[in-house]
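Structure, as structure tokens:
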Amino acid sequence: MKRYFKGFYMSLGMFCAIPLPRRQWDDSCLDLVLCFFPLVGLLLGLLWRGLAWLLALSGIHIMLATAALAVAPFLLTGFLHLDGYMDTGDALLSRRPLEEKLRILKDPHTGAFAVVLAAVLFILQFAAVYAALDAGGSFTPVVFIAVVSRCCASLAILCLQVMPQSGYGNMFKGSTGAPHKAFVGALAVAATGASYVFGGRTGLTAALATAAGFTWAMTRAYKELKGVSGDLTGFALTIGEWCGLAAMAVLNGR
């Protein structure tokens, strides 16, 4: 049991910005980090939903509430996945040969395409959250959007070919196998089912839209960059979560 706790704690420390009392790192638990990634998403999703509840109780103006909820998922992860979204987008939009795209992907400098894509994302994120709040529907599906997106991210690393230069992917994939894939797949199914139970048709559609958005983004990036990495999963996760939010906003307004 201690090993599983360590695995979750390692995943929590790596994938969110919540301050922890002390870091625990054990190489023997590396195979559990991706398995617990969706459970980190559950915690982040609950915090996201809890913030929405507190803002609703406070009676704060909808524009301010929207701004807070739009940036919350980025703040809670320390902008980790947003960084991957920007780096990958910069590489893909460069339309250069593969070697140059991979160089841009690893370049620590921020390119013009990355800045533009970040601006577009924040506008779309704000619009989706505003539409969801203005419609007055439930914000609960965001809990499962955060879980499903991370199930997809874990499965991408576990199932796809990892880029040789990806330290993130190669570190976690080495000691994993079919049981790890099955566990994450079961979590994805459970999260989708729970989204329907707690969010009805809106929740189910939001969860499915998250998976579809992730799959589209990952397929596009994987095809062009010939492998998966931490940056690519951040890119696809960010797009997938926005697709889930957009679906929730559309259905809440009906």
Side-chain angles (χ1 to χ4, degrees), residues 16 38 41-56 58 60-86 88-89 113-153 188 191-192 194-196 198-218 220-221 233-254:
C16 82
L42 177 61
L43 174 61
L44 296 177
L46 288 171
L47 291 173
W48 198 4
R49 177 65 185 90
L51 176 61
W53 178 73
L54 289 174
L55 290 171
S58 72
I60 193 172
H61 192 280
I62 188 173
M63 295 293 282
L64 293 175
T66 298
L69 291 171
V71 301
F74 305 120
L75 291 172
L76 288 171
T77 58
F79 300 95
L80 176 66
H81 307 304
L82 179 64
D83 177 69
Y85 165 82
M86 294 175 67
T88 304
F113 289 126
V115 174
V116 170
L117 283 175
V120 170
L121 174 66
F122 282 120
I123 292 171
L124 293 176
Q125 184 94 343
F126 185 92
V129 173
Y130 181 87
L133 294 180
D134 187 54
S138 173
F139 207 70
T140 300
V142 299
V143 175
F144 306 103
I145 286 173
V147 178
V148 170
S149 64
R150 284 160 179 78
C151 286
C152 292
T192 303
S195 192
Y196 176 70
F198 290 99
R201 184 168 62 97
T202 299
L204 176 62
T205 305
L208 294 176
T210 300
F214 182 98
T215 301
W216 175 84
M218 178 55 69
R220 167 77 191 280
T233 57
F235 171 77
L237 185 152
T238 300
I239 292 175
E241 290 194 344
W242 180 82
C243 289
L245 274 175
M248 185 180 75
V250 169
L251 290 177
N252 274 352
R254 291 184 177 179

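Worth saying up front: this structure is predicted, and the values here are computed from it rather than measured. These values consider heavy atoms only, across backbone and side chains, with no hydrogens, waters or symmetry-generated copies.
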Original post:
Between CG of Leu55 and CD1 of Ile62, what distance do you get to the nearest 0.5 Å?
Top reply: 11.0 Å

**OP:** Could you tell me the separation between the OG1 atom of Thr77 and the CG atom of Leu44, rounded to the nearest 0.5 Å?
**Re:** 7.0 Å

Subject >> Distance in Å, Tyr85 OH paired with Thr233 OG1, rounded so as to fall on 0.5 Å steps >> reply: 15.0 Å

Original post:
Heavy atoms, side chains only, cut-off 4.5 Å: are Met218 and Leu237 in contact?
Top reply: no

**OP:** Look at the side chain of Ser149 and the backbone N and O of Ala146, then say whether any donor-acceptor pair between them is shorter than 3.5 Å.
**Re:** yes

**OP:** Please report the shortest heavy-atom distance between Gly41 and Arg150, naming the atom on each side.
**Re:** CA-CD, 3.2 Å

**OP:** Work out which heavy atom in Ile239 is nearest to a heavy atom in Ala217; give both atom names and the distance.
**Re:** CD1-CB, 3.7 Å

**OP:** Applying side chain to side chain contact (heavy atoms under 4.5 Å, CB included), name anything that partners Ser138, two or more places apart in sequence or on another chain.
**Re:** Thr140, Pro141

Original post:
Could you walk me through whether Phe113 and Val116 pass the side chain to side chain contact (heavy atoms under 4.5 Å, CB included) check?
Top reply: CA-CA 5 Å; Phe113 289 126; Val116 170; 5.7 Å; no

Original post:
Between atom CD1 of Ile145 and atom CZ of Phe139, what is the distance when rounded to the nearest 0.5 Å?
Top reply: 8.0 Å

Original post:
Nearest heavy-atom pair of Val129 and Ala70: which atoms, and what distance?
Top reply: CG2-CA, 4.1 Å

Subject >> Leu124 versus Trp242, closest heavy-atom pair with distance >> reply: O-NE1, 2.9 Å

**OP:** Considering non-hydrogen atoms only, spot the tightest contact between Ala131 and Ala249 and give its length.
**Re:** CB-CB, 3.7 Å

**OP:** Apply the test side chain to side chain contact (heavy atoms under 4.5 Å, CB included) to residues Val142 and Leu69: give CA-CA distance (whole Å), side-chain angles for both, the deciding distance (0.1 Å), then the verdict.
**Re:** CA-CA 11 Å; Val142 299; Leu69 291 171; over 6 Å; no

Original post:
Quick one: are Leu121 and Leu82 in side-chain contact, heavy atoms under 4.5 Å?
Top reply: yes

**OP:** State whether the side chain of Ser195 and the backbone N or O of Thr192 hold a donor-acceptor pair below 3.5 Å, judged by distance alone.
**Re:** no

**OP:** Indicate the ring-plane relationship of Phe144 and Phe198, choosing parallel, tilted or perpendicular according to the 30° and 60° boundaries.
**Re:** parallel

Subject >> Atom of Thr210, atom of Gly244 and distance for their closest heavy-atom approach >> reply: OG1-CA, 3.3 Å

Original post:
What residues form a side chain to side chain contact (heavy atoms under 4.5 Å, CB included) with Ala67, not counting sequence neighbours?
Top reply: Phe126

**OP:** For the pair Phe74 and Phe122, name the ring-plane relationship: parallel under 30°, tilted 30 to 60°, perpendicular over 60°.
**Re:** perpendicular

**OP:** Taking the side chain as every heavy atom from C-beta outward, state whether Pro73 and Gln125 have any pair of such atoms under 4.5 Å apart.
**Re:** yes

